[in-house]
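As structure tokens, the structure follows; a few thoughts come after it.
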Number of protein chains: 2
Amino acid sequence: MKLSTKGRYGLRAMIDLASHMDEETVSLSSIARRECISESYLEQLASSLKKAGLVTSSRGAQGGYRLGRDASEISVGDVLRACEGSTDAVSCPGLKSESAGKESGCAGAEMCVSKYVWEKINTAITDTVDGIYLSELVKESRKARTGHPDELPGCAAGGKR
Amino acid sequence: MKLSTKGRYGLRAMIDLASHMDEETVSLSSIARRECISESYLEQLASSLKKAGLVTSSRGAQGGYRLGRDASEISVGDVLRACEGSTDAVSCPGLKSESAGKESGCAGAEMCVSKYVWEKINTAITDTVDGIYLSELVKESRKARTGHPDELPGCAAGGKR
DNA sequence: TTTAATCCTAGTATTTTACTTGGAATTAAA
DNA sequence: TTTAATTCCAAGTAAAATACTAGGATTAAA
């Protein structure tokens with residue numbers, strides 16, 4: 001039951017981008033550097049985020065990315081879904097989230113009680129991630145940073161895995 | 001962010017076992033048959049469940065498994081943790097759930113705002129799975145079954161993947 | 001002594017993850 | 001007009017994780 005690097009890096013990147021909305025554009029290379037994420041890997045995430053409308057881009061020198069809408073209107077759920085495809089911990093036909101008509105899969109769909117559990121887990125996750133917005137995280141981040149203004153990360157220790 | 005077959009099969013198996021507590025012992029082969037799970041794969045889950053004290057076993061002919069304690073005292077969380085190791089969607093040093101002292105990993109641990117998000121996701125999941133007990137599921141299952149007493153699963157359609 | 005079961009260790013095919021590579025296209029600035 | 005900085009795109013790939021299978025050894029009831 002793990003969130004992959006896509007979701008984890010994706011959120012970090014979006015928080016970083018949101019924290020630099022004073023700048024005209026933000027290049028992937030700068031995000032990658034600050035967040036200790038491989039730039040070419042970030043490209044893939046950027047592509048997903050763009051498809052989802054969460055960021056816009058301008059090409060060429062001095063180009064880069066901007067948020068697609070205000071940070072207060074982008075939820076963590078939006079980001080994770082864009083990067084991971086879905087935030088469901090279990091997806092099986094017959095669950096509400098998959099509105100694939102009929103019980104197309106599981107043997108004896110209405111007898112599958114665990115379905116009930118998966119549904120609860122999925123809504124718990126969804127409710128949580130849809131209730132947190134980038135704007136809050138940016139605020140939190142600034143607070144933390146001003147508390148320790150001297151500490152500047154550096155990639156060596158972590159970030160990768 | 002997917003729950004693996006271990007957790008999914010594990011819970012199904014435990015519900016099945018809990019539904020047959022009138023019998024002396026329940027063999028893996030019978031669970032495997034009813035739940036459409038490979039018996040040899042189930043053995044591995046049974047071993048984890050036993051280590052966690054969620055089931056007890058007796059060897060030899062006529063042997064089999066029983067619940068380690070009452071179904072009302074075994075939560076879905078207990079089962080999932082036994083099978084999957086943890087129910088955390090993200091584990092990184094610095095999170096409460098990992099009480100590994102110091103910020104042993106992430107660059108600039110206190111600046112990592114996403115930590116705050118992972119924590120919320122993890123608690124949401126934990127709270128959910130720790131609040132559902134096998135006894136409820138058995139009851140639900142019986143209700144569903146008596147509603148459609150004629151339907152008997154059969155493995156063909158699903159169960160595997 | 002046969003048979004039905006748990007128990008145990010290891011192997012393996014497949015899938016997924018986490019990247020990298022090698023460019024092409026676009027645009028601002030020199 | 002060239003150069004440099006950037007996004008964009010499609011494939012390839014090594015390593016890890018997943019979802020099993022195989023082959024027994026052990027135990028105990030019938």
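In what follows, every heavy atom counts, from backbone to side chain, and hydrogens, waters and symmetry copies are set aside. First the proteins, then the strands, lettered A, B, ... as listed; each starts at 1.
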What is the distance, to the nearest angstrom, from the [atom1] atom on [X] to the [atom2] atom on [N]?
| X | N | atom1 | atom2 | value |
| --- | --- | --- | --- | --- |
| A:K6 | C:dT16 | NZ | C1' | 9 Å |
| B:K2 | D:dA17 | NZ | C1' | 16 Å |
| A:L42 | D:dT7 | CG | P | 10 Å |
| B:E24 | D:dA28 | CD | P | 16 Å |
| A:Y41 | D:dG12 | OH | C1' | 15 Å |

OP1, OP2 of [N] versus side-chain N and O of [X]: anything below 4.0 Å?
| X | N | value |
| --- | --- | --- |
| A:S38 | C:dT20 | yes |
| B:S40 | D:dT21 | yes |
| A:Y9 | C:dA18 | no |

Salt-bridge present (B:E136, B:K139; N to O < 4.0 Å): no
Scan for salt bridge (Lys or Arg N to Asp or Glu O under 4.0 Å) pairs involving residues 16-28 of chain A, sequence neighbours excluded, and state none if there are none. A:D16-A:R34
Any side-chain donor-acceptor pair under 3.5 Å between B:T25 and B:Q62? no
Can you check each nucleotide of nucleotides 1-10 of chain C against protein heavy atoms at under 4.0 Å and return B for base, S for sugar-phosphate only, - for none, in 5' to 3' order? --BBSBBB-B
ring-ring contact (aromatic ring centres under 6.0 Å, His included) partners of residues 29-77 of chain A, not counting sequence neighbours, each pair once: A:Y9-A:Y41
